[in-house]
Amino acid sequence: MKLAGKTALITGGNSGIGLATAKLFKNEGARVAITGRDPTSLEQARQALGEEALSLRSDAGKLEDIEEAMAQIKSRFGHLDILVANAAIAQPAPFNLVSEAQFDETTGINFKGVFFTIQKALPLMREGSSIIVTTSISNQKGAPNFSVYAACKAALRSLVQTLSQELIAQGIRVNAVSPGPTDTPGFGRWGVPQEIVDAAREQFTQKSPLKRFAAPDEIAQAVLFLASADASYIVGHELVVDGGVSLVM
Ligand SMILES: NC(=O)c1ccc[n+]([C@@H]2O[C@H](COP(=O)([O-])OP(=O)(O)OC[C@H]3O[C@@H](n4cnc5c(N)ncnc54)[C@H](OP(=O)(O)O)[C@@H]3O)[C@@H](O)[C@H]2O)c1
């Protein structure tokens with residue numbers, strides 16, 4: 001029970017890596033709140049996480065939604081020990097075809113949303129708290145057709161380094177988990193033809209030293225490590241969990 005007595009918010013906790021993290025945290029003794037936009041998967045997640053869990057319909061790209069979610073968490077839990085800023089979207093497109101609307105939506109959720117989620121959560125966080133941001137291996141080497149997504153994840157890497165220095169004065173550790181290809185509903189939910197998704201999946205599988213995708217729980221285990229006292233001396237680190245993919249990309 002590495003998180004006994006702790007309270008945690010996982011944004012994008014109704015699917016994929018976020019849901020696996022919420023389940024793992026609950027099993028480790030935490031009380032969890034999750035956010036997402038899709039009411040059906042939010043309800044399914046709430047049932048899976050049990051009565052004590054708080055499942056909030058909240059758009060990470062809207063400041064008023066973020067503030068309302070924090071108000072509800074304060075009312076239910078009083079404070080937060082762990083924030084996992086995980087919600088994100090991917091809308092791949094060749095650079096010259098990226099529309100302003102796509103740019104604004106992706107940066108609004110993937111960068112601005114994370115920035116203000118952390119800012120609005122801070123008043124609830126006490127000394128000894130931990131923040132983990134989900135980045136991506138695309139932030140190190142780029143990813144063709146993912147220009148906006150990869151740049152947002154690089155911005156998050158920078159933000160983690162800055163905030164880890166600013167917030168440690170309050171006793172709050174900030175770190176990142178950087179997943180490689182992971183088998184989630186989000187991988188391939190890109191609004192592109194299925195054959196493109198299948199080709200990307202095959203390419204990643206073949207290039208991967210392990211010849212497979214990560215399971216969401218394998219990423220969640222890294223998030224748990226950084227959230228727990230096991231990582232008490234780890235500050236401003238980006239933990240790559242990619243089965244070695246970035247070594248060969
Ligand atoms: N899967 C991979 O291969 C991979 C690789 C590297 C990094 N990552 C990162 O891992 C994280 C989790 O992704 P995943 O693969 O688990 O994908 P996923 O299954 O699609 O999960 C993404 C989650 O984010 C939520 N979300 C998206 N936009 C949101 C918004 N505006 N407001 C609130 N919630 C929002 C989604 O819920 P709703 O749809 O209900 O809004 C969903 O719960 C992301 O940060 C992603 O960039 C994934």
Side-chain angles (χ1 to χ4, degrees), residues 9-24 32-46 48-49 55-66 68-69 84-92 104-117 120 132-143 146 148-157 159-160 176-191 197 200-201 203-205 207-208 212-220 222-223 238-243 245-246 249:
L9 166 62
I10 299 115
T11 69
N14 51 335
S15 178
I17 292 167
L19 178 59
T21 303
K23 287 177 177 171
L24 182 61
V32 296
I34 60 165
T35 64
R37 294 167 302 176
D38 173 49
T40 306
S41 51
L42 277 168
E43 175 54 21
Q44 287 166 349
R46 193 195 62 74
L49 293 168
S55 179
L56 300 167
R57 192 172 182 189
S58 174
D59 188 334
K62 292 185 180 155
L63 253 70
E64 61 271 27
D65 279 23
I66 297 172
E68 174 59 24
V84 183
N86 167 77
I89 58 166
Q91 299 179 314
D104 287 346
E105 187 181 7
T106 302
T107 56
I109 295 168
N110 293 13
F111 179 53
K112 182 181 166 188
V114 172
F115 187 102
F116 284 103
T117 295
K120 302 300 177 194
I132 299 101
V133 176
T134 312
T135 58
S136 159
I137 57 169
S138 67
N139 72 1
Q140 297 279 359
K141 297 191 172 175
F146 285 84
V148 187
Y149 175 88
C152 287
K153 295 298 191 179
L156 293 184
R157 179 157 47 97
L159 184 66
V160 163
V177 166
S178 178
T182 307
D183 201 3
T184 67
F187 186 95
R189 193 158 51 197
W190 300 335
V197 175
R201 180 176 286 277
Q203 196 186 17
F204 272 123
T205 304
K207 282 196 172 166
S208 161
R212 66 172 178 85
F213 275 44
D217 193 54
E218 291 177 299
I219 311 300
V223 181
E238 184 178 45
L239 179 52
V240 174
V241 188
D242 72 344
V245 169
S246 55
M249 291 294 276

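Numbering of ligands and ligand atoms starts at 1, following listing order. None of the values given here were measured: they were computed from a predicted structure.
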So, regarding [X] and ligand 1 (criterion: nitrogen or oxygen to nitrogen or oxygen, under 3.5 Å), is there a contact or not?
| X | result |
| --- | --- |
| Phe187 | no |
| Thr184 | yes |
| Asn14 | yes |
| Gly36 | no |

What atoms of ligand 1 come within less than 4.0 Å of a heavy atom belonging to [X]?
| X | answer |
| --- | --- |
| Gly186 | 17 (O), 18 (P), 19 (O), 20 (O) |
| Lys153 | 44 (C), 45 (O), 46 (C), 47 (O) |
| Ile109 | 28 (N), 31 (N) |
| Ser58 | 32 (N), 33 (C) |

Legend entry - Qualifying residue, where the test is side-chain hydrogen bond (donor to acceptor under 3.5 Å, both in side chains) with Thr134 and the options are Asn86, Thr11, Asn110: Asn86
Inset, instruction - Check Phe213 against ligand 1 and report side chain, backbone, both or neither, counting heavy atoms closer than 4.0 Å. - result: neither
Inset, instruction - Indicate, as side chain, backbone, both or neither, the part of Ser178 found under 4.0 angstrom from ligand 1 when only non-hydrogen atoms are considered. - result: neither
Legend entry - Closest approach of any protein heavy atom to atom 12 (C) of ligand 1, naming residue and atom: Asn86 OD1, 3.3 Å
Select the closest option to [atom] among [options], judged by heavy-atom distance.
| atom | options | result |
| --- | --- | --- |
| atom 4 (C) of ligand 1 | Gly180, Pro185, Ala88, Ala87 | Gly180 |
| atom 13 (O) of ligand 1 | Thr35, Ile17, Ile10 | Ile17 |
| atom 3 (O) of ligand 1 | Thr182, Asn110, Asp183, Thr40 | Thr182 |

